Amino acid sequence: MLVRDTIANAVAAALEQASRDGAISVDSVPDIEIERPNNSEHGDFATNLPLRLARSARANPLQLAQLIADRIELSSEIDSVAPAAPGFINFKLSESWLQQQVETVRDAGDSFGASNVGDGRKVMVEFVSVNPTGPVHVGHTRGAVLGSALANTLAAAGYDVTREYYINDAGSQMEAFYRSVWTRYRQALGRDAEMPDNGYQGDYIADIASEIIDANGPGYLDQSDATAVREIGDVAREKMVTLIRDDLDAIGVTFDNWFSERWLFQSPDTPDSDYDRAMARLREDGHLAERSGALWFISTALGDERDNVVVRSSGEPTYFASDIAYHYNKFAQREFDRVIDIWGADHQGHVPRMKAAVQALGMEPDDLTVLISQMVTLKRGDETVRASKRTGDFVTLRELVDEVGTDACRYFFLARAPSTQMEFDLELATRESSENPVYYVQYAHARNASILNLAHERGIDYSRGDVSLLIHPNELELIRTMLRLPELVVQVAENLEPHHLPHYATELATAFHHFYENCRVISTNAEDNDLTLARLKLVSAAQVAFRRTLSLMGMSAPDRMDRD
RNA sequence: GUCCCAGUAGCUCAGUGGACAGAGCGGCUGCCUUCUAAGCAGCUGGCCGCGGGUUCGAAUCCUGCCUGGGACGCCA
């Protein structure tokens with residue numbers, strides 16, 4: 001159990017006792033919130049319960065604080081409980097308990113920070129899901145990093161996580177992509193061919209075409225237009241998906257499953273596809289209506305602003321129809337308890353209708369969470385870079401990683417709340433300098449590793465180190481900071497806000513740098529031997545915290561960082 | 001026009017009901033004979049977009065406005 005919960009329970013018990021004693025009479029007890037005070041002079045934890053109770057108890061909040069504080073039973077974790085104006089109760093952790101946590105963290109190792117709030121529930125995080133019509137670009141990278149860090153954290157919080165990429169490989173944009181490749185293919189072989197109006201202009205189309213020529217030759221020229229587009233399209237799509245997978249891999253983003261949109265329309269085991277079943281269910285419950293030759297989903301009945309077409313008058317299902325079938329598959333077929341979709345800002349308008357569709361399918365709409373990852377505006381100095389896949393003028397994930405590096409890139413994207421637009425100054429980001437906070441964190445880990453290496457070289461066995469010798473303020477501060485990780489994991493998993501991770505990482509690094517500066521670990525002085533052993537234990541515990549934090553963010557934890 | 005997101009230090013951003021508003025970068029000073037100076041210490045710097053409201057208490061909640069971005073298709 002987290003200390004925070006222990007304190008909350010103790011406060012609740014104290015309030016109950018005060019009520020029995022007749023010292024306090026309240027109509028209703030609000031939720032007891034235990035927070036971390038901004039100012040460390042106020043202790044490690046605090047509650048504002050007396051302030052919130054004052055009205056219904058018709059009493060002075062400071063007096064209430066005193067009455068409750070008097071009845072709080074001290075456990076081994078808590079050193080002191082103190083009422084404070086205007087009506088807080090402050091808690092201070094005991095030094096001996098903090099010291100003991102060094103052992104606990106070391107014992108926990110890679111499971112440090114794990115919790116079980118997820119209780120093994122099946123959750124899918126579906127993210128990136130870029131149409132395979134072009135490479136992943138900078139804007140998608142943000143969602144990719146967000147999704148992977150979130151999935152890591154949910155797994156640490158005890159969820160059974162599946163990371164999925166939805167490949168939109170049906171539909172008209174893919175058709176345009178196929179035709180674009182076909183056009184470049186013919187042009188490369190000296191034929192007259194005109195790019196379709198909605199064609200993709202990027203150089204990568206021509207690259208794919210020439211790769212196909214190298215591998216498969218000019219044979220497609222002899223086929224009918226329709227056959228050639230289909231066959232060349234199949235090859236081009238595979239190439240594109242592979243390229244996307246490799247690019248994402250370069251930034252440490254991997255998936256458990258790549259789900260093809262086309263699977264929704266074909267079912268190997270049963271006569272009905274997911275699409276058939278989802279539509280049948282909607283139809284049964286009266287959510288579909290035919291108007292002017294098309295089939296509509298009546299989402300206005302469920303609070304959406306307008307109805308949406310699911311089957312065009314041409315008989316072709318829309319993208320939205322696929323999405324309905326896909327979510328039917330996620331919930332009804334694969335039985336996920338919870339689904340988190342990460343979409344780009346350009347899809348934000350689709351959230352209400354997707355929620356409505358989930359509800360219409362008979363699922364609980366709250367089991368679907370859609371996170372919107374806002375736009376990334378690119379700049380080179382003062383100049384704004386317009387990103388458009390159609391015109392081919394965009395910065396790819398690959399280019400970004402090559403220039404900035406995986407770790408810096410992940411840190412940079414992760415550190416911002418996804419709901420806010422961000423500016424990415426390529427000039428600044430690509431400048432090699434110490435301006436990047438990622439170095440600050442990794443350097444702390446490298447210093448940490450360096451100490452342990454030296455201890456190892458000198459054959460120092462610190463397994464018998466006595467942690468009760470850790471009384472320096474910087475030592476205790478480091479321990480306190482380490483201990484926030486488990487709370488953070490729970491918080492990130494509950495609020496789906498991974499951007500707290502990098503900020504925590506920075507604070508952990510600060511605590512370590514302070515410790516490093518003021519507490520010499522491996523002493524040359526023989527009489528300091530006991531302290532050396534104790535501090536080595538602390539350093540190894542801190543290493544656990546660094547590794548866990550960095551790995552949740554998907555960043556590397558280098559043992560050395562050498563500057564030329 | 002309707003809807004969504006944002007506006008906090010020179011810059012990039014944390015902080016969503018509490019106790020004097022934070023970090024990094026930038027700028028100015030200092031600190032390397034012992035575990036990496038990609039570090040540390042100090043200074044500089046903010047009517048938290050503007051106006052009302054709710055509250056014992058508002059950067060945080062409500063409301064109006066201003067500014068910037070996005071979405072509103074039988075495209076995906």
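Protein chains get the first letters and strands the later ones, always in sequence-line order, with residue 1 at the start of each. All values below come from the heavy atoms of this structure, side chains included, with hydrogens, waters and symmetry mates left out. Just so it is clear, the model here is predicted, and its values are computed rather than measured.
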State which of G69(B), G18(B), A76(B) makes the closest approach to the side chain of Glu35(A).
G18(B)
Measure from CE on Met240(A) to P on A76(B) and round the result to the nearest Å.
20 Å
C5(B) base / Gln374(A) side chain donor-acceptor hit below 3.5 Å:
no
What integer number of Å spans the C1' atoms of G45(B) and U8(B)?
13 Å
Mind checking the P distance from C65(B) to A23(B)? Whole angstroms is fine.
37 Å
Pair of N/O donor and acceptor under 3.5 Å linking A76(B) base with His350(A) side chain:
yes
To the nearest 0.5 Å, atom CD1 of Ile340(A) lies from atom CG of Leu150(A) at 5.0 Å
Establish, yes or no, whether the cationic atom of Arg416(A) lies under 6.0 Å from the six-membered ring centre of Phe412(A) and within 45° of the ring axis.
yes
Ranking C5(B), C74(B), C40(B) by distance to the side chain of His514(A), first place goes to C40(B)
Could you check whether the rings of His499(A) and His503(A) sit parallel, tilted or perpendicular, using 30° and 60° as the cut-offs?
perpendicular
For Leu454(A), which contact category applies under a 4.0 Å heavy-atom criterion: base, sugar-phosphate, or nothing?
sugar-phosphate
Scan Asn48(A) against the nucleic acid and name what it touches under 4.0 Å (heavy atoms): base, sugar-phosphate only, or nothing.
base
For His42(A), report the nucleic acid contact type (base, sugar-phosphate, nothing); a contact means any heavy atom under 4.0 Å.
base
What's the gap between G18(B) and G51(B) when it is taken at their P atoms, as a whole Å value?
22 Å
Looking across every strand, which nucleic acid part, if any, lies under 4.0 Å from Ser313(A) by heavy atom: base, sugar-phosphate, or nothing?
base
In whole angstrom, give the distance that lies between atom CG of Asp307(A) and atom P of G73(B).
13 Å
Work out how far the P atom of C61(B) is from that of U16(B), and round it to whole angstrom.
9 Å
Think Asn38(A) has a side-chain N or O under 4.0 angstrom from the OP1 or OP2 of A19(B)?
yes
With a non-hydrogen cut-off below 4.0 angstrom, is Met174(A) in contact with a base, only sugar-phosphate, or nothing?
nothing
How is Ala455(A) classified with respect to the nucleic acid when contacts are heavy atoms under 4.0 Å: base, sugar-phosphate, or nothing?
nothing
Answer yes or no: is there a side-chain heavy-atom contact under 4.5 Å between Gln374(A) and Gln348(A)?
yes
Can you find an N or O donor on one side and an acceptor on the other, under 3.5 Å apart, linking the side chain of Thr318(A) with the base of C74(B)?
no
Using a heavy-atom cut-off of under 4.0 Å over every strand shown, decide if Arg306(A) touches base, sugar-phosphate, or nothing.
sugar-phosphate
Using a heavy-atom cut-off of under 4.0 Å over every strand shown, decide if Glu305(A) touches base, sugar-phosphate, or nothing.
sugar-phosphate
Looking only at atom types and distance, does a side-chain atom of Thr318(A) sit under 3.5 Å from a main-chain N or O of Val309(A), one as donor and one as acceptor?
yes
Among C35(B), A23(B), C5(B), which nucleotide sits nearest the side chain of Gln421(A)?
C5(B)
OP1 or OP2 of C3(B) versus the side-chain N and O atoms of Arg353(A): is any pair under 4.0 Å?
no
Looking at Phe297(A), does the NZ or CZ of Arg353(A) lie under 6.0 angstrom from its six-membered ring centre and within 45 degrees of the ring axis?
no
Quick one: which of U12(B), C35(B), A14(B) gets closest to the side chain of Arg416(A)?
U12(B)
Residue Phe88(A), side-chain atoms from C-beta onward, closest of C75(B), G18(B), A71(B)
G18(B)
Taking CD from Glu517(A) and C1' from C32(B), how many angstroms apart are they, rounded to a whole number?
10 Å
If you go through the side-chain atoms of Asn90(A), does one of them form a donor-acceptor pair with the base of A19(B) closer than 3.5 Å?
yes
Can you tell me how far the CG atom of Asn453(A) sits from the CD1 atom of Ile522(A), to the nearest 0.5 Å?
9.5 Å
Whole-Å P distance, G24(B) and A14(B)
16 Å
If you look at every strand shown and take non-hydrogen atoms under 4.0 Å, does Phe320(A) touch a base, only sugar-phosphate, or nothing?
nothing
Give Ala417(A) one of three labels, base, sugar-phosphate or nothing, depending on what nucleic acid heavy atoms sit under 4.0 Å from its own.
sugar-phosphate
Can you tell which of C74(B), G39(B), C5(B) lies closest to the side chain of His513(A)?
G39(B)
The nucleotide from A76(B), G69(B), C35(B) with an atom nearest the side chain of Met375(A) is G69(B)
Measuring to OP1 and OP2 of C35(B), would you say a side-chain N or O of Arg535(A) lies under 4.0 angstrom away?
no
So does Thr420(A) reach the base of C13(B) with its side chain, donor to acceptor, closer than 3.5 Å?
no
Distance, rounded to the nearest Å, where Glu316(A) contributes CD and G73(B) contributes P
19 Å
Please state how far atom CG in Asn308(A) lies from atom P in C72(B), giving the value in whole angstrom units.
11 Å
Under a 90° cut-off about 0 for the syn range, is C4(B) syn or anti?
anti
Any idea how His140(A) and His137(A) line up, ring-wise: parallel (<30°), tilted (30 to 60°), or perpendicular (>60°)?
tilted
Which part of the nucleic acid does His499(A) contact within heavy-atom distance under 4.0 Å: base, sugar-phosphate only, or nothing?
sugar-phosphate
Given that Thr510(A) and Arg520(A) both sit by RNA chain B, which one's nearest nucleotide is further toward the 5' end?
Arg520(A)
When rounded to the nearest 0.5 angstrom, what distance separates CG in Leu533(A) from CG in Leu538(A)?
13.0 Å
Whole-Å P distance, A41(B) and C32(B)
16 Å
Looking only at side-chain atoms of Pro37(A), point me to the closest of A76(B), C5(B), A19(B).
A19(B)
Please give the distance between the C1' atoms of U63(B) and A58(B) as a whole number of Å.
14 Å
Considering every strand and a 4.0 Å limit on heavy-atom distances, what is the contact class for Pro502(A): base, sugar-phosphate, or nothing?
nothing
Determine the interatomic distance between C1' on G69(B) and the same-named atom on G22(B); round to the nearest Å.
26 Å
Pick the closest RNA chain B nucleotide for Val521(A) and for Glu497(A) by heavy atoms, then say which residue is nearer the 5' end.
Glu497(A)
If pairing requires Watson-Crick or G-U wobble contacts with both distances under 3.5 Å, which nucleotide is the partner of C3(B)?
G70(B)
Sugar-phosphate only, base, or nothing, as touched by Ala294(A) at under 4.0 Å among non-hydrogen atoms:
base
Side-chain N,O (Tyr440(A)) to OP1/OP2 (C40(B)) below 4.0 Å:
yes
Verdict with supporting geometry, Asp234(A) and Arg237(A), salt bridge (charged side-chain N to carboxylate O under 4.0 Å, His left out)
CA-CA 5 Å; Asp234(A) 282 344; Arg237(A) 185 186 59 243; 3.2 Å; yes
Nearest to the Ser419(A) side chain among C13(B), C5(B), C75(B), which nucleotide is it?
C5(B)
Base, sugar-phosphate or nothing for Ser523(A)? Non-hydrogen atoms, less than 4.0 Å.
nothing
A6(B), C75(B), G69(B): which one has an atom nearest the side-chain heavy atoms of Gln348(A)?
G69(B)
